[in-house]
Chemist: 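So that we are looking at the same thing, I have put the structure below in structure tokens.
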Amino acid sequence: MPDGGEYSTTPVATIALERAAHFEQGRFFVLPSPDSPSFCSGATYMVFLKTIEELRDEGRLELDPDTLEALVVREGQHDGEGIWGRWNANGPGTARLFAELRLGPNFADFASARPGDFMKIFWTGEVGCYEHGHSVVYLGVEMRNGEPYVRYWSSNIPAGYGEKSVPLRTIAHAIFSRLESPENLDRIKSAPPTDEYLASLLIRRSSFVEALERCGL
């Protein structure tokens with residue numbers, strides 16, 4: 001994955017994501033441009049897609065055409081709609097998707113986290129329409145002057161793609177998701193078109209307790 005660019009949540013950044021996660025002839029060509037605008041959930045979703053394609057290349061994963069189509073980022077896709085709409089939603093989007101499709105475990109304990117886990121950071125206690133969150137790939141905890149810092153990769157404000165470290169004390173809550181059963185992506189075919197809980201978080205407040213419950217915790 002690249003370094004650089006700029007963080008942006010404008011429609012231009014969404015168009016850049018659609019181009020970067022190009023789907024053609026049954027394959028995803030994940031080619032993010034280092035100088036294009038990007039945002040956090042789009043960055044982590046590209047890591048997810050790239051992982052899926054590498055597993056397919058290695059012969060360790062087979063997905064049918066309908067499941068592959070369901071992974072495509074589409075213009076105008078709403079929060080909670082399809083796979084990308086769930087991943088991109090407010091609240092525990094990625095973790096809710098993992099729980100619904102049984103892609104792997106969710107947990108909230110830093111002691112259990114491993115580099116490469118997907119992680120949703122909540123900077124405050126708010127979950128939902130007033131939340132301040134960040135979708136990242138967890139890289140570990142390091143000590144700086146006796147204080148623990150959390151290191152991660154994502155698209156970050158303001159410089160876009162890259163690694164960043166923040167004091168652990170600045171994180172109010174976090175939910176980790178570990179990809180272990182990607183073959184279960186085919187469950188999206190029998191899932192509701194829209195996750196109503198995630199869709200509702202555009203206009204209502206939830207809580208961290210409710211978020212954990214919705215993610216099987």
Side-chain angles (χ1 to χ4, degrees), residues 1 39-55 58 60-61 71 80 83-84 86-128 131-157 161-188 191 195 197-198 201 206-217:
M1 300 299 292
F39 53 99
C40 62
S41 56
T44 56
Y45 193 66
M46 282 194 287
V47 172
F48 178 67
L49 290 179
K50 197 160 188 172
T51 302
I52 296 302
E53 278 303 323
E54 287 190 7
L55 290 170
E58 295 168 1
R60 297 165 59 192
L61 176 65
L71 287 161
I83 295 177
W84 161 243
R86 286 162 164 81
W87 191 285
N88 186 47
N90 285 344
T94 299
R96 173 70 181 147
L97 173 70
F98 272 51
E100 184 180 22
L101 303 188
R102 301 181 188 175
L103 300 179
N106 296 317
F107 52 95
D109 180 15
F110 273 89
S112 300
R114 301 176 188 168
D117 289 337
F118 294 104
M119 176 186 183
K120 174 62 181 281
I121 295 172
F122 296 90
W123 300 116
T124 72
E126 289 284 350
V127 177
E131 79 175 48
H132 296 280
H134 201 22
S135 174
V136 308
V137 178
Y138 175 79
L139 297 178
V141 174
E142 57 191 14
M143 299 299 293
R144 295 187 182 181
N145 298 319
E147 181 176 7
Y149 274 65
V150 178
R151 188 165 63 92
Y152 55 78
W153 182 93
S154 187
S155 176
N156 304 302
I157 298 173
Y161 298 122
E163 293 186 15
K164 189 171 183 178
S165 295
V166 299
L168 176 60
R169 57 181 167 79
T170 65
I171 298 174
H173 302 292
I175 301 178
F176 298 89
S177 302
R178 180 172 300 152
L179 183 63
E180 290 187 347
S181 302
E183 67 277 6
N184 287 341
L185 280 166
D186 65 0
R187 292 174 180 265
I188 194 64
D195 184 307
Y197 167 67
L198 294 177
L201 298 184
S206 181
S207 68
F208 191 65
V209 171
E210 182 181 21
L212 292 177
E213 291 174 349
R214 296 281 186 161
C215 299
L217 299 175

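Note: hydrogens, waters and symmetry copies are ignored here, and every other heavy atom, side chains too, is used.
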Chemist: Taking salt bridge (Lys or Arg N to Asp or Glu O under 4.0 Å) as the definition, give me every residue that meets it alongside Glu53, ordered by chain and number, with sequence neighbours left out.
Modeler: Arg27, Arg56
Chemist: Does Trp84 have any ring-ring contact (aromatic ring centres under 6.0 Å, His included) partners at least two apart in sequence or in another chain, and if so, which?
Modeler: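 Trp84 satisfies ring-ring contact (aromatic ring centres under 6.0 Å, His included) with Tyr45 once adjacent residues are dropped.
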Chemist: Decide yes or no for Glu131 and Lys120: does some side-chain heavy atom of the first lie under 4.5 Å from some side-chain heavy atom of the second?
Modeler: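 Yes; the side chains approach each other to less than 4.5 Å.
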Chemist: Can you tell me if Glu126 uses its side chain to pair, donor with acceptor, with the backbone of His132 under 3.5 Å?
Modeler: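 Between the backbone of His132 and the side chain of Glu126 there is no qualifying donor-acceptor contact (under 3.5 Å).
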Chemist: Is there any salt bridge (Lys or Arg N to Asp or Glu O under 4.0 Å) pair reaching into residues 97-119, and which pairs are they, with sequence neighbours excluded?
Modeler: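 The answer is Arg86-Glu100, Asp117-Arg178.
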Chemist: Run the side-chain hydrogen bond (donor to acceptor under 3.5 Å, both in side chains) test against Asn88 and tell me which residues pass, sequence neighbours left out.
Modeler: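 For Asn88 the side-chain hydrogen bond (donor to acceptor under 3.5 Å, both in side chains) partners, ignoring immediate neighbours, are Ser41.
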Chemist: Does Val137 reach the side chain of Phe118, with side-chain heavy atoms less than 4.5 Å apart?
Modeler: yes
Chemist: Are any of the side-chain heavy atoms of Phe48 and Thr94 separated by less than 4.5 Å?
Modeler: no
Chemist: Could you list the residues that satisfy ring-ring contact (aromatic ring centres under 6.0 Å, His included) with Phe98, not counting sequence neighbours?
Modeler: none
Chemist: Test of understanding: with side-chain hydrogen bond (donor to acceptor under 3.5 Å, both in side chains), list the residues that count as partners of Arg151, not counting sequence neighbours.
Modeler: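 If we apply the side-chain hydrogen bond (donor to acceptor under 3.5 Å, both in side chains) test to Arg151, skipping adjacent residues, the hits are Glu163.
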Chemist: Name all residues meeting the side-chain hydrogen bond (donor to acceptor under 3.5 Å, both in side chains) criterion together with Tyr149; count only those two or more places apart in sequence or in a different chain, and write none if there are none.
Modeler: none
Chemist: Using the salt bridge (Lys or Arg N to Asp or Glu O under 4.0 Å) criterion, which residues pair with Glu210? Sequence neighbours excluded.
Modeler: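 Salt bridge (Lys or Arg N to Asp or Glu O under 4.0 Å) check on Glu210 returns Arg204, Arg214.
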Chemist: What distance do Asp195 atom CG and Leu97 atom CG have between them, rounded to the nearest 0.5 Å?
Modeler: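 One finds 9.0 Å between CG of Asp195 and CG of Leu97.
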Chemist: Salt bridge (Lys or Arg N to Asp or Glu O under 4.0 Å): which pairs involve residues 43-52, sequence neighbours left out?
Modeler: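 Listed once each, the pairs would be none.
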Chemist: Looking only at heavy atoms, which two atoms of Leu201 and Pro92 are closest? And how far apart?
Modeler: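 Residues Leu201 and Pro92, closest heavy atoms: CD1-CD, 4.2 Å.
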Chemist: Can you list everything that forms a side-chain hydrogen bond (donor to acceptor under 3.5 Å, both in side chains) with Ser135? Sequence neighbours excluded, please.
Modeler: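 Here the qualifying residues are Thr44.
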Chemist: For residues 167-177, please give each side-chain donor-acceptor pair under 3.5 Å, one per line with the distance, not counting sequence neighbours.
Modeler:
from   : atom 1 : to     : atom 2 : distance (Å)
Arg169 : NE     : Glu147 : OE2    : 2.4
Thr170 : OG1    : Pro167 : O      : 2.6
Ser177 : OG     : Asn106 : OD1    : 2.7

Chemist: With a 4.5 Å cut-off on side-chain heavy atoms, are Met119 and Val150 touching?
Modeler: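 The answer is yes; the side chains approach within 4.5 Å.
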Chemist: Considering all heavy atoms of both residues, which atom of Leu198 and which atom of Ala89 are nearest to each other, and what is their separation?
Modeler: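 Answer, listing the atom of Leu198 first, then Ala89: CB-CB, 3.8 Å.
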Chemist: Taking side chain as C-beta onward, heavy atoms only, is Pro148 less than 4.5 Å from Met143?
Modeler: yes
Chemist: If you compare all heavy atoms of Ala108 against all heavy atoms of Leu212, which two are closest, and at what distance to 0.1 Å?
Modeler: CB-CD2, 4.3 Å
Chemist: Return the OH to CZ distance between Tyr197 and Arg96, rounded to the nearest 0.5 Å.
Modeler: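 Atom-to-atom, Tyr197:OH and Arg96:CZ are 8.5 Å apart.
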